[in-house]
Amino acid sequence: MKHKLTTWLVCVLAAISAYSQPDGKFADYLGKVTLDELKIKECPYDSTADAIMLYDLGDVYYSDESNFYKGLKFVVTTAYYQRVKVLTRKGIENANYTLVYYTHSKDTITNIKAVAYNLSPDGKIQATHFDPATVRIEKISEYQSRVIFKVPDVTTGTVFEVSYQKKQYLQYSMPDWHFNSEIPSYVSRLRIGFIDAFDYYVAQRVKHDSFQVKQERYTSSVSAALFSTKNELLPGTVVTFSAYNLPAIRKEPYMNSWLNYTNYVKFQLRGYLPPFTSNSPLINGWKQFNKHVLNYWGLARNIETGGIPAKTLEPLTQHLTDTLEKAKAIFEFVRNNMEYNQLFTINLEENSTTVWENKKGSNSEINALLINALRKSG
């Protein structure tokens, strides 16, 4: 369904078209909240919305330019910027942020900034700045942690903005981008700075009719001296994916994966081009993908070490000769002794030994524990 753009949104499009290569600074947006935004009363195409995502922006670029390629992994930074208009009391919940990252992979979340803007009685804009000292960091597991913070002084009518940077060490992919959120989005846009030496496959699922893609040549800050004797900066292409007036996609009971219903773009490394000459293995088929998953450090460790002690498993199969009957006995033992914690995920948060000791785990953790027990029993 097409939606008519307001005059304010036309100005938004003009501002975006002038934005250049990714740098994560969002200089054209930070601190540029307007009176018109503060006076918005409802979303023009969703009168039930409790809040509006005025801008949802991402910049992806290679970081640590002098040493951005480490041990077959690229050092990549994704900078995020969001500007939200709160319409109702329920919409205030959007000021609460929880950001999850992988500590095992040495990922980090830094440079958190947040400002709330409200109208004073005399009609002027008042800004309340976020105190970084209020950020909480909680450990989820031995693999993951989360950053928790709240934008201050947010009430009905507030416009607030949040920005932060997430650094990751990635081998085959670049960060995914989902254009929808749980509130309507006026503007959702990802800018990603590709380098010509790396060829990426782009998986694009966008059903919204406002979707636009723009490409511009640029010179990166990554030196070719990392791969050859030439001390020159590697050329590349900035690709900008934009969508406008996106509907909210709200989580519902029994929804298996909220992300399955969003418009998105995803990236996978397809190959290397000059001057890069690495013979690093690439995932270019199901056979390679299967090998990659089985060798993934989290999964491999959980199915090859730890888990249920062998002395506990031996009595289950010592009187059985049929392989299938042995497998059934182990399966029933695991099923009868484990409790599902209602977490459905592909990630393994705890190792198999801890999962067995707790007698509780996610779908992935219990499955890994079962594979571990089957292999241990031959």
Side-chain angles (χ1 to χ4, degrees), residues 1-6 8-10 12-17 19 22 24 26 29 42-61 76 78-85 87 91 94 97-100 161-164 166 168 170 172-194 200-216 237-270 344-346:
M1 178 179 179
K2 292 186 177 180
H3 302 291
K4 184 178 180 181
L5 293 178
T6 64
W8 180 82
L9 281 177
V10 171
V12 167
L13 301 184
I16 286 181
S17 65
Y19 211 57
F26 302 111
Y29 299 91
E42 69 174 23
C43 177
Y45 56 91
D46 184 353
S47 60
T48 65
D50 295 302
I52 305 169
M53 185 74 70
L54 301 179
Y55 294 99
D56 189 11
L57 311 178
D59 272 5
V60 179
Y61 52 95
V76 176
T78 306
Y80 296 89
Y81 174 86
Q82 292 184 337
R83 186 183 300 177
V84 177
K85 168 68 181 185
L87 300 173
N94 290 278
Y97 278 74
T98 299
L99 310 175
V100 178
E161 58 181 359
V162 170
S163 66
Y164 60 94
K166 184 175 185 178
Q168 297 171 277
L170 304 173
Y172 297 107
S173 64
M174 295 291 254
D176 301 341
W177 185 261
H178 295 267
F179 294 91
N180 301 85
S181 68
E182 290 191 82
I183 58 177
S185 298
Y186 277 179
V187 179
S188 181
R189 187 218 64 202
L190 173 71
R191 294 190 314 135
I192 183 165
F194 291 106
Y200 282 88
Y201 170 74
V202 180
Q204 178 179 305
R205 188 187 73 177
V206 181
K207 298 182 179 180
H208 201 266
D209 54 16
S210 71
F211 187 69
Q212 298 176 4
V213 180
K214 185 176 72 172
Q215 299 187 25
E216 297 176 305
T237 300
V238 175
V239 182
T240 304
F241 303 91
S242 304
Y244 311 99
N245 287 10
L246 292 151
I249 296 183
R250 300 177 177 93
K251 295 178 181 178
E252 300 175 4
Y254 309 110
M255 183 180 281
N256 189 33
S257 175
W258 175 82
L259 296 177
N260 288 343
Y261 299 90
T262 65
N263 298 276
Y264 63 73
V265 288
K266 299 181 179 182
F267 312 94
Q268 180 177 302
L269 186 61
R270 183 160 47 190
F344 187 85
T345 174
I346 195 172

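Note that this is a predicted model, so its numbers are computed, not measured.
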Aromatic contact, [X] with [Y] (centres under 6.0 Å):
X	Y	answer
Phe211	Phe179	yes
Phe267	Tyr200	no
Tyr55	Tyr29	yes

- Query: Does the distance from a Lys or Arg side-chain N to an Asp or Glu carboxylate O, for Arg189 and Asp59, drop under 4.0 Å?
  - Reply: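 Salt bridge between Arg189 and Asp59, a charged N being under 4.0 Å from a carboxylate O: yes.
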- Charged N-O contact under 4.0 Å between Arg205 and Asp176: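 Between Asp176 and Arg205 there is no salt bridge, as every charged N stays at least 4.0 Å from the carboxylate O atoms.
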Check whether any side-chain N or O of [X] sits under 3.5 Å from a backbone N or O of [Y] as a donor-acceptor pair, and report yes or no.
X	Y	answer
Asn180	Asn263	yes
Asn94	Gly91	yes
Lys85	Glu42	no

- Query: How far apart are the C-alpha atoms of Ser188 and Trp177, what are their side-chain angles, what is the distance that settles it, and do they pass the side-chain hydrogen bond (donor to acceptor under 3.5 Å, both in side chains) test?
  - Reply: CA-CA 9 Å; Ser188 181; Trp177 185 261; 3.2 Å; yes
- Task: Mind checking the OH-CE spacing from Tyr61 to Met174? Nearest 0.5 Å is all I need.
- Result: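 Going from the OH atom of Tyr61 to the CE atom of Met174 covers 11.5 Å.
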- Does Lys266 count as lying over the ring of Tyr264, i.e. NZ or CZ under 6.0 Å from the six-ring centre, within 45 degrees of the axis?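 Yes, a cation-pi geometry.
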- Can you check side-chain hydrogen bond (donor to acceptor under 3.5 Å, both in side chains) on Gln82 and Tyr164, steps first, answer last? CA-CA 9 Å; Gln82 292 184 337; Tyr164 60 94; 6.0 Å; no
